[in-house]
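All residue numbers refer to positions in the sequence shown, counting from 1.
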Amino acid sequence: VHNGQVTTFTGGNGHGSTDGPAKSARFREISDMELDGHGVIWLVDRGSHSIRKITPDGTVTTVAGGTSGFADGTGSGARFNSVTGLAVAPDGRIYIADTSNHRIRVMTTAGVVTTFVGSGNNGYTNGTGSSARFNSPTDVMATSSGDILIVDTNNQRLRRAHHSLGRCFINGVCYGPDVVNPKAACGACDATKANAGWTTKPDGAACADGAPCTTGDKCAAGQCKGTA
């Protein structure tokens, strides 16, 4: 919508899940979308059980999913079941309300999908990781502090899961959760975390899983991995 005039940005070419330029892309049932800090639109194609993205030039790509079911994995190896909502966190990761799997999933921009919280069995239990239970969560929101707010629809509750936005220290240089400018977001480094054996990475470098460096990550061979 621009100045009240409505036009079609992408889709509308029939029912489907075709990737490609805006004019030829197809969708089945879009249920949510969010813009990240790089101008990329991340969207839920509920009917295709997939997470897709639209780059600023209008190109549509399926990043993960495409088949109904449940599986952690990368790209098409990941499976969702009637996924409904998503949120882009400050660290760049995408949190996903996997409604019919009764789970909250988390995905890197490279399409690596893991389960954040939820057992997969519908119910109501507070807890950590897979010990928590939800009943058809339909939406999520990422806060600046690292909390993930969850609309637990059939439990008639708003739930909260905490995921700390951490720091990675490389040769005494602090890399924080801000993807665009990690050092600025981090502030002063904790010198006790510095280790001469760690390798230097460029500003904005990502972990081995595609996500920004997080608390406790040890940097080796130019990648952040493991626990320091």
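Qualifying side chain to side chain donor-acceptor pair (under 3.5 Å) partners for Thr153, counting only residues two or more places apart in sequence or in other chains: Thr138. When the side chain to side chain donor-acceptor pair (under 3.5 Å) test is applied to Asn154, the partners found at least two apart in sequence or on another chain are Ser136. Listed by chain and residue number, Asn155, Arg159 satisfy the side chain to side chain donor-acceptor pair (under 3.5 Å) test with Asp152 (two or more places apart in sequence, or in another chain). Among residues two or more places apart in sequence or in another chain, the salt bridge (Lys or Arg N to Asp or Glu O under 4.0 Å) test is passed with Asp36 by none. Arg46 meets the salt bridge (Lys or Arg N to Asp or Glu O under 4.0 Å) test with Glu29; sequence neighbours excluded. The side-chain contact (heavy atoms from CB on, under 4.5 Å) check on Asp139 picks up Asp32, Val151, with sequence neighbours excluded. The side chain to side chain donor-acceptor pair (under 3.5 Å) check on Asp45 picks up Ser48, Arg52, with sequence neighbours excluded.
A distance of 11.0 Å separates CD1 of Ile104 from CG of Leu149, quoted to the nearest 0.5 Å. The line from CZ of Phe134 to CG of Asn126 is 8.0 Å long, rounded to the nearest 0.5 Å. Atoms CG and OG, on Asn101 and Ser68 in that order, are 7.5 Å from each other to the nearest 0.5 Å.
Of all heavy-atom pairs spanning Pro56 and Gly39, the tightest one is CG-O, 3.5 Å.
When side chains are defined from C-beta on, Thr55 does not count as touching Thr61, because their heavy atoms never get closer than 4.5 Å. For the pair His102 and Ser119, the minimum side-chain heavy-atom distance is 4.5 Å or more. Between Asn135 and Tyr124, every side-chain heavy-atom pair lies at or beyond the 4.5 Å cut-off. The shortest side-chain heavy-atom distance between His49 and Asn81 falls under the 4.5 Å cut-off.
Side chain of Arg103 to main chain of Val117: no donor-acceptor pair is present (N/O by atom type, distance under 3.5 Å, no hydrogens or angles). Proximity of a side-chain donor or acceptor of Thr99 to a complementary backbone N or O of Pro137 within less than 3.5 Å is detected. In terms of modelled atom types and a separation under 3.5 Å, the side chain of Thr10 and the main chain of Ala22 share a donor-acceptor contact.
Linking ILVMFWY side-chain heavy atoms closer than 4.5 Å, directly or via other members, places Val60 and Ile41 in a single hydrophobic cluster. By the rule that hydrophobic residues join a cluster once side-chain heavy atoms approach within less than 4.5 Å of another member, Phe9 and Leu43 end up as members of one cluster. Residues Phe27 and Leu35 fall within the same hydrophobic cluster, defined by Ile, Leu, Val, Met, Phe, Trp and Tyr side chains chained together at heavy-atom separations under 4.5 Å. A chain of hydrophobic side-chain contacts below 4.5 Å, direct or via other Ile, Leu, Val, Met, Phe, Trp or Tyr residues, connects Ile54 to Met33.
The local environment of CZ in Arg160 is sparse, with at most 12 non-hydrogen atoms from other residues, nucleotides or ligands closer than 6.0 Å.
Screening residues 125-134 for salt bridge (charged side-chain N to carboxylate O under 4.0 Å, His left out) gives no qualifying pairs among residues at least two apart or on separate chains. Identified under the salt bridge (charged side-chain N to carboxylate O under 4.0 Å, His left out) test for residues 57-68, with sequence neighbours left out: none. Legend: salt bridge (charged side-chain N to carboxylate O under 4.0 Å, His left out) pairs involving residues 66-83, not counting sequence neighbours, sorted by first then second residue: Asp72-Arg105.
Residue Val88 shares its hydrophobic cluster (ILVMFWY side chains chained together at separations under 4.5 Å) with Val40, Trp42, Val44, Ile51, Val63, Phe80, Val83, Leu86, Ile94, Ile96, Met107, Val113. Other cluster members for Phe70: none, since no ILVMFWY side-chain heavy atom sits under 4.5 Å from it.
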